[in-house]
2 protein chains.
Amino acid sequence: MLEKIDLSKKMSKKEFNTLMRELDAKLGRLQRICKEKRIPVIIAVEGFGAAGKGTMINRLIEPLDPRGFKVYTTQSETENEHYHPFLWRFWNMMPGKGRISILDRSWYRILLNDRFDGKTDAKSLATAADEINSFEKLLTDDHIVLIKFFLVISQKEQKKRLKKLAESKETAWRVTDGDWKRCEHYDEYFRLTEEALQKTDRDNAPWTIIESEDREYAAAKVISTVVKRLEDAIADADRRAKLPRASVEESAQIFPDAFRASALAGIDLSKTLTKEQYQKQLKELQKKLSRLHGELYQRRIPVVLAFEGWDAGGKGGAIKRLTQALDPRGYEVHPVSAPNDLEKSHHYLWRFWTAVPKAGHIAIFDRSWYGRVMVERLEGFCSEDEWRRAYKEINNMEECWANSGCIVLKFWMQIDKDEQERRFTERQQNPDKQWKITDEDWRNRAKWDQYEVAVDEMLVRTSTTYAPWIIVEANSKYYARIKVLKTVVDAIEQYLKTHK
Amino acid sequence: MLEKIDLSKKMSKKEFNTLMRELDAKLGRLQRICKEKRIPVIIAVEGFGAAGKGTMINRLIEPLDPRGFKVYTTQSETENEHYHPFLWRFWNMMPGKGRISILDRSWYRILLNDRFDGKTDAKSLATAADEINSFEKLLTDDHIVLIKFFLVISQKEQKKRLKKLAESKETAWRVTDGDWKRCEHYDEYFRLTEEALQKTDRDNAPWTIIESEDREYAAAKVISTVVKRLEDAIADADRRAKLPRASVEESAQIFPDAFRASALAGIDLSKTLTKEQYQKQLKELQKKLSRLHGELYQRRIPVVLAFEGWDAGGKGGAIKRLTQALDPRGYEVHPVSAPNDLEKSHHYLWRFWTAVPKAGHIAIFDRSWYGRVMVERLEGFCSEDEWRRAYKEINNMEECWANSGCIVLKFWMQIDKDEQERRFTERQQNPDKQWKITDEDWRNRAKWDQYEVAVDEMLVRTSTTYAPWIIVEANSKYYARIKVLKTVVDAIEQYLKTHK
């Protein structure tokens, strides 16, 4: 993509000034329209050292309302960032609806500077481009406008600019050894950049190469591109707003029952344990888990445990038996209910991505991102397109986590309809448990069969080698809690054994 | 407070078990009631090394619903934390309404371990206790339940426990050189602790000393204390819910007009600049500011600029002339409107404290925490007690920031009523500016006189040496923008000169 670039492109000052007056006015207006229509925008600025990324961003924001954008600078990972999956810190930079995030370097660091500097290990390098492509797809599918620039200058120009920076007292501190080294090995850095751009140039997230020897030309091209992309995005949003929306009933009826894959059909819910068996095993397993938690912490291995299941399926009880064995400084339980308004203004996976545990910690989710393909699907809170796409998006997210060394387990607490009714009634009669039962629980119960279809599909589509579903036979609370504990203990032991 | 402690206190296993059964059941119930009544709770656990803080927290959370609390461990500051005022990281641990934050060590670190280890500098030491007391007062005034424990063991017992930990392979990593050193110099650490506790033991936030040689006794005392404090807090919340609320009209009528201090009365709004003067000075000042911004960044000096003023007073325009001169990687503009639901579930200063800039960065607030004593006061969004208290709370907050080396400036953009009308009308007639004007602006305008009373009181009460108000004569946009720029430039130059 860079080979055939003509770096001699220029623009006269006069031509530039006329064009920019028009573009600036347009851009200011477009920002306001995007805010109104709640369109989020990401502008990622990458490029060779001293190609003028900072100056470019300065020029770009000039016509923008400063209350509507934020500029993020991506430097080397801090320790805290290093102990998270590599995309985590970028999730923390995502713009809310109607806002603009401008990134001075971005997730491409891992394929560019960090790779050149030898900071990207082979394992991360192998998966980074795929993770980036999935991530960008997820963003653009959610109608986030993603604009990627790469600023190019020649080695000769780069050397000249670095020298000039280094000579002035005010700017000398900005030129690092790394800058000089990358300039010296320009060809190697060029080749590695070419590879990264090729792998990640997609229809939904194309690269725009900016010939940056002439600053006027470069600025005009960047801002023209942003204007064009925002105009397209607004037209697209208007078009989508006019589309009729499929009704929920329509999308619920997807497939003849006989042909659906079923994960729940063959479950033996009669499995049980005596109180004595339970207490003995509970004690042993909790002791083991407690020891393993210390080892996870020391070896910096993160764990994600997600709990889903029928209402009154025993999620809370199972979680409690886990946390009793854990050092509270090393885990966090995330109760998941309807998103709050900050969460609603982001991608539906945002609140989970930003909660991914630091290496060595355990994150337990009481309900999870799977709400997308269950309650949101059935209640029509998202479109059919959206929940259908979610299986893949969720698998990609969990794969990123697993790639970063995270143990990911998901539990489905399975009870039958009779057992649920028994528990609901019991809760209503016990003053200390009444708070656990609401009208919504009864309403959900009425939709049991529809939920079963969704759950079956979810279990089949999202049980993966890197993040398996464990179906827990939960009519017996004793049996269920022990199965959960044992599964967690076994998984950790297995991981520790195979990752020395 | 520690001198007369009887460390021989004990409890029999049997007595303990009977008591704990009752306490655990109570605590579970109390957590649910606090959740319902949206009472936030902070439990800070401090104590000598190996006194059993971790074990204690583990025991404490046993009966709690893990979805309703979070445990935070306070270790040495990370680099990022170090570049913020020292209370900043604790603001990030604050519980939302109805939630519990449990702190394994807390803001007292600065007066205890960090002081003993020589990490607390003399300047911070001089202000820390005052800052802590103001902070705790602010929390408890907002009806956050704050429970502080200090766990005490003797030097002999401490030595014994550290040895035991160090001897086991599984726990040896938890014993640090610092632990041994603090044990060796037990008396010195004891004395320094005594001083910290005395300085910070207040009616609203009392210390509970826990004799911790006997683990049962200690656990029973901690949990009994928590139960008692939560019961009190719930009774207090019920009592408050029944109090009649003063009406807004009542609280607006506070004082005969003739006696009020006025900051706005003598302002000369006829000040103006010609376009030529404006353009020349703008260019010069922006050039200076740009250079100063680099110096701030290198010397790691943070800056907070808050903008308030009448609607259409020119806040946006003034902010824009500032940001044009700034490197976008080093500043952030925070537009402040009504709080979102996450923000509403916290103290009203939470969203500002958590947005305090990192050392070397500039945070610009377009509207600010002063909403408390203007719109919230006038519209009755908070009680009279609350807004009256706010002046002091705000001064304390700004003082904390200034103590940490932050430059804090606040601008009031002053126009007269005629000028406002002229600008409102102009906005309505210009298609590119219509978005700037809403019905609410006209409604606020109708309350001009009431606002004037509130603004005068605010300016008088909260203009301090460490965080002055600058009243900007803003009928002339040119004059106003230059005054803002010049004030910022002068303040930074002055700071750099006096802080070598």
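None of these values were measured; they are calculated from a predicted model. Note on naming: letters A, B, ... go to the chains in the order of the sequence lines (proteins, then strands), and numbering restarts at 1 for each one.
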For the side chain of Lys320(B) and the backbone of Glu62(A), is there at least one donor-acceptor N/O pair under 3.5 Å apart?
->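 Such a contact is found between Lys320(B) side chain and Glu62(A) backbone.
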
Does the side chain of Trp435(B) come within less than 4.5 Å of Asp65(A)'s, by heavy atoms?
->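 Yes, their side chains come closer than 4.5 Å.
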
Relative to chain A, which segment of [X] carries a heavy atom at a distance below 4.5 Å: side chain, backbone, both, or neither?
X: Leu64(B); result: backbone
X: Asp104(B); result: side chain
X: Thr323(B); result: side chain
X: Asp341(B); result: both
X: Pro431(B); result: neither

Looking only at non-hydrogen atoms, find the nearest pair between Ile57(A) and Pro328(B) and report the distance.
->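 In terms of heavy atoms, the two residues are closest at CG2-CG, 3.6 Å.
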
At a 4.5 Å cut-off on heavy atoms, which part of [X] comes close to chain B: side chain, backbone, both, or neither?
X: Leu326(A); result: backbone
X: Arg59(A); result: neither
X: Tyr331(A); result: side chain

Within 6.0 Å of NZ in Lys26(B), more than 12 heavy atoms from elsewhere |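 Atom NZ in Lys26(B) is not crowded, with 12 or fewer foreign heavy atoms closer than 6.0 Å.
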
Would one find more than 12 heavy atoms of other residues, nucleotides or ligands at under 6.0 Å from atom NZ of Lys97(B)?
->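 Yes, the 6.0 Å shell around NZ holds more than 12 heavy atoms from other groups.
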
Of all of [options], which one pairs up most often with chain B through heavy atoms under 4.5 Å apart?
options: Arg174(A), Glu36(A), Lys35(A), Arg291(A); value: Arg291(A)
options: Gln298(A), Gln324(A), Glu343(A); value: Gln298(A)
options: Tyr72(A), Tyr297(A), Phe69(A); value: Tyr297(A)

Rounded to the nearest 0.5 Å, how far does [atom2] of [Y] lie from [atom1] of [X]?
X: Arg67(B); Y: Glu332(A); atom1: CZ; atom2: CD; result: 14.5 Å
X: Gln434(B); Y: Arg32(A); atom1: CD; atom2: CZ; result: 10.0 Å
X: Glu81(A); Y: Asn80(B); atom1: CD; atom2: CG; result: 8.5 Å

